[in-house]
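One structure is given here, and the rest of the page talks about it.
Count residues from 1 along the sequence.
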Amino acid sequence: MHRLEKQSIIRHIGWGLYDYPILNKEGKAEEPNLETLIKALEVQLGDNFQYCGHYSAYLLGLDAKPTQITYLSNKRAHKFKICSNVIRI
């Protein structure tokens, strides 16, 4: 994995998470899809996550986008910084 990352074939996005970078028109790598990352974390941690209230309100169009996204879980609390997103579980 490290060798592929050095060759820029894959990108290390966070705690055991890698992806193939998708380049935009300017040639810069786009941020990965947040929902895909959450599903990967669910598999990795063996848990199910639920949206916290503030993010649920945002998804329903009732509130502005939160700066930190919080998910509810029945396991130990984690904090992940993935690209420009801070995810609290």
Side-chain angles (χ1 to χ4, degrees):
M1 299 295 259
H2 181 68
R3 179 177 51 85
L4 294 173
E5 183 183 1
K6 279 190 129 182
Q7 295 173 353
S8 297
I9 295 173
I10 62 173
R11 164 179 62 175
H12 180 247
I13 12 181
W15 185 58
L17 297 173
Y18 295 86
D19 77 337
Y20 294 101
I22 299 172
L23 303 178
N24 58 17
K25 293 180 182 178
E26 291 85 35
K28 295 181 180 178
E30 293 183 1
E31 289 195 12
N33 182 354
L34 188 59
E35 295 304 316
T36 306
L37 290 175
I38 292 301
K39 290 191 187 305
L41 283 172
E42 284 179 338
V43 170
Q44 189 178 49
L45 298 174
D47 200 1
N48 291 320
F49 303 138
Q50 295 180 346
Y51 300 123
C52 193
H54 188 77
Y55 190 64
S56 296
Y58 164 71
L59 291 176
L60 292 171
L62 302 174
D63 205 353
K65 185 173 182 181
T67 55
Q68 291 188 359
I69 301 170
T70 304
Y71 290 87
L72 302 175
S73 171
N74 59 354
K75 291 194 176 179
R76 197 184 85 166
H78 294 282
K79 180 179 175 183
F80 301 98
K81 178 153 174 54
I82 300 176
C83 295
S84 66
N85 297 307
V86 175
I87 301 171
R88 292 182 183 271
I89 298 172

Review point. Between Asp63 and His54, is any pair of side-chain heavy atoms under 4.5 Å apart?
Key: yes
Going by atom type alone, with no hydrogens or angles, which donor-acceptor pairs under 3.5 Å involve a side-chain atom of residues 17-26 and a protein atom two or more places apart or on another chain?
unit_1: Asp19; atom_1: OD1; unit_2: Arg11; atom_2: NE; d: 3.0
unit_1: Asp19; atom_1: OD1; unit_2: Arg11; atom_2: NH2; d: 3.4
unit_1: Asp19; atom_1: OD2; unit_2: Arg11; atom_2: NH2; d: 2.9
unit_1: Asn24; atom_1: OD1; unit_2: Glu26; atom_2: N; d: 3.2
unit_1: Asn24; atom_1: OD1; unit_2: Gly27; atom_2: N; d: 3.2
unit_1: Asn24; atom_1: OD1; unit_2: Lys28; atom_2: N; d: 2.9
unit_1: Asn24; atom_1: ND2; unit_2: Glu26; atom_2: OE1; d: 3.4

Exercise for review: Might you work through the side chain to side chain contact (heavy atoms under 4.5 Å, CB included) test for Tyr71 and Tyr55, ending with a clear yes or no?
Suggested key: CA-CA 9 Å; Tyr71 290 87; Tyr55 190 64; 4.0 Å; yes
**Study point:** Same apolar cluster: Leu37 and Leu59, side chain cutoff 4.5 Å
**Key:** yes
Check your understanding: Are Leu60 and Leu72 linked, directly or through other ILVMFWY residues, by side chains that come within less than 4.5 angstrom of each other?
Key -> no
Review point. Within a reach of under 6.0 Å around CD of Gln44, are more than 12 heavy atoms found that belong to other residues, nucleotides or ligands?
Key: yes
Check your understanding: So which heavy atom on Glu42 is nearest to which on Phe49, and how close?
Key -> OE2-N, 3.0 Å
